[in-house]
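Reading through the structure tokens given below for one structure.
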Amino acid sequence: MSEYVLEMTDVCKAFPGVKALDHAQLKLRPGKVHALMGENGAGKSTLMKCMFGIYKMDEGQIKLDGQPVTINDPMDALHKGIAMVHQELQPIPARTVGENIFLGRYPMKKALGLIPIIDHKKMYADTAELLKKVRMNFDPKQKVGELSVSQMQSVEIAKAVSANCRVLILDEPTSSLTANEVEALFRIIADLKAEGVAIVYISHKMDEILRIGDDITIMRDGQYIGTWPASEMTTDSIITKMVGRELTNLYPPKNNVPGEVVFEVKDFTSINPRSFRNISFQLRKGEILGVGGLVGAQRTELMEGLFGIRSHSKGQIFYKGKEMHINRPKDAIDQGVAMLTEDRRGSGIMGVLSVADNISISSLNQYLDYGVSINSKKVESLVQDNVKKMNIKTPSSKTQIKSLSGGNQQKVLLGRWLANNPDVFIMDEPTRGIDVGAKYEIYCIIEEMAREGKSIIMISSEMSELIGMSDRIMVMCDGRVTGFIDGKDATQENIMALATQFE
Amino acid sequence: MEKKQETAAQKALRIVKGNPIVLLLLIAAIVVGFMKDNFFSWANFGNLMSNTAVRFLIALGVSGCLITKGTDLSAGRQVGFAAVVAGILCQRGDYTGRLWKWAPEMNIGLVFLIVLVLGLIWGLINGLIVTKLHVPPFIATLGTQTIIYGISLVISDAQPIGGFQKIYTTLINGRIGSVKGFHLPYLLFVAAVFGLLFWFIYNKTRHGKYMYAIGGNEVAAEVSGVNTTSTLIGIYATAGVMYAIAGYLLAAKSGGSSASMGQGYELEAIAGCTIGGVSTTGGIGTVPGILVGVLVFELLKIILQFLGVNPYYNYVVQGLVIVLAVSLDIRKYIAKK
């Protein structure tokens, strides 16, 4: 009998252009909580998806009770006793708790001795039993959509328990829970431990890890760094191991000079109590303000709030001392604010439309003849100016934007906003999913914009980019600003320390 | 101007090339033309032109809804409503079967304006339901089409309406040239004017660009500062106006109207747009394409008629062509993925 219930060794997985996992490993002991840690993009979720059969490994081995196994798909994983509670819960809101738990494996019976039908009575009785096990006493016939997030999570855990799992993966389980709900979750975890279930616990919250973790495995850039007993680790030693990497010089020299304060946000708070709250910060003319934080720090939500995509409950925004009222993107645009959103495909490009249509959509008022008719020559010259200035590679201005590479799409979107000559430019992950060459070009464009006196807010989850580009870094954690660091003093360690400062 | 017309012709050609159904029907038309004597006649040509003209106006109306990933199932019933209102108001003063005996004989130009305003109101209602109540267009217009049909039945008392003023029918059925020889129906010119107007709106105005942007990616359009609400309301309102014009013309063209007039026209219009390359996935569609689509669909009807196919089978064939056209359109999209 092996010491480990499940072992993954030398796991490699490549996606086009990235090596997501590079000889990663993970060994789980029964009845223990194993914390899996690493920065955003370190490969934690990818490794778990390989274990759960969502992704196929390129190389590597999985052993269950010392026996090599292959896991073909999530159903197969469940049959082998591996269950996963996803970071984003995916319940079917309009169906009952019982139906959600037994989805795809409903208990059956034979009506009139021959027609197979669902045995609802057994299903709801079993559900009640399972809910008792996870210390939740709500009605099995309640619709899942009526539950709170933490209750939904309990349903997911109950679902995992119902598969008699021996390995349970919890991916950021507490990111949307209140303190009381976290305690309830920990009690369930303790029960499961007592039954000998091995738990993989993915979280960025150091205090939780140190409290309930037995073993800690740290990953970085898809590689296995090491496994240590939690009792031997401290917050500092974990952070050092998570980020310990040299920065290479991938950034243009910076010649922008931040001037006077032009943009100011005071006590800005979301209508959603879980999201950003009491945010205040200032932005200087010609400054690049980096915004750092972990996934779930509400950075995107804050910026979308400032731009009018999301609603705020209180707070003020000032530009040069004058208050701005922003309730929708058009208000922000009219007052000289631009925003490059994080999800280029979802909220940036209009895929089937031409490069010309995409680049001109925000500034059509500038190309009108007699106030009505769009002058296509003016639009064409806008396209050509941008193609020249930013080195956009496109066969013609009539090409559908979806056929360009990610980097060129991003340049078209930058061009869309620059056509309005904005004073404040918010960029959310401006280089995500873009190859290295195009990244450098985009950094140059950003630096040039700052040099011309535009003020830039740049969210980035890439530490090196944040440190390499920012004049100042604002760090957020769990919807709050936890501190500011001058660009010259920024290190991965002091950013990470602020980014993990949970209340 | 010459250059622009050239590109429109090129687009039409591209649609013909990219859509095998169009090609197939053109070949069928030529074959039928040589088989049957009267197919290549001026009378048949004029008939095809005026049928296409009215259907084209309806298709232009619904095209904006389709390009923005919506639809308008109330098109046919709105046409019927306009035909009923126009019919009642254009009845002769001395006609014995007059529905509203208390009303004076009305100027047909004034009637046109009244019908237009009523169409605008129906369109605004659709637009408001879609944007303000957030009801999906399919369901919203499914509901309004029933309401509109009901109102048409009420005001027409479910009776056929006839006895139109002579000027109303002769003007709209008028033509340049003689029926026996080469002639161009006035309706053709109406269609041409609106075709050019829509081409201008779709290609040269902010409204048109915003429409394509919403169809391409509504979230991105909103983030880019497009007022998606007012643009969508404008699209449904314009559609209402187009159906009203079509209804007004159709009543005169037929020399009589009833509440059931225009039934099923929304599906023909949607089919015409789709055959003409308006993508069901949004953001794509051109005026020349819509014209080709409608023309081809009308051509199909005439071919079937000339071949002496049982009229009931016409529906079967038309349905098959719609399914085939859309499946080919989707295939193009999937292939690109």
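So that the names make sense, note that chain A is the first sequence line, chain B the second, and so on, each numbered from 1.
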Residue pair A/I361 / B/Y212, side-chain heavy-atom distance below 4.5 Å: no
Shortest non-hydrogen contact from B/V219 toward A/S347: CG1-CB, 3.6 Å
Chain B contact via A/L368 - side chain, backbone, both or neither, heavy atoms under 4.5 Å: side chain
CZ-CG distance between B/R206 and A/N365, expressed to the nearest 0.5 angstrom: 4.5 Å
A/T341 versus chain B, the contacting section by heavy-atom distance below 4.5 Å: side chain
When B/G216, B/A221, B/G208, B/S224 are compared by non-hydrogen pairs under 4.5 Å with chain A, the top option: B/S224
Exercise: identify the closest heavy-atom pair between A/R345 and B/N217: O-ND2, 3.1 Å
A/K398 atom NZ, over 12 foreign heavy atoms within 6.0 Å: no
Chain B contact via A/S376 - which portion, at a heavy-atom distance below 4.5 Å: both
Note, B/K204 side chain near A/D369 side chain (heavy atom, < 4.5 Å): no
Chain B contact via A/R328 - side chain, backbone, both or neither, heavy atoms under 4.5 Å: side chain
Residue pair A/M350 / B/V226, side-chain heavy-atom distance below 4.5 Å: no
Could you pull out every donor-acceptor pair under 3.5 Å between side chains of residues 120-129 of chain B and any protein atom, sequence neighbours left out?
unit_1: B/N126; atom_1: OD1; unit_2: B/T144; atom_2: OG1; d: 2.8
unit_1: B/N126; atom_1: ND2; unit_2: B/S74; atom_2: OG; d: 3.0

Part of A/F307 within contact of chain B (heavy atom distance under 4.5 Å): side chain
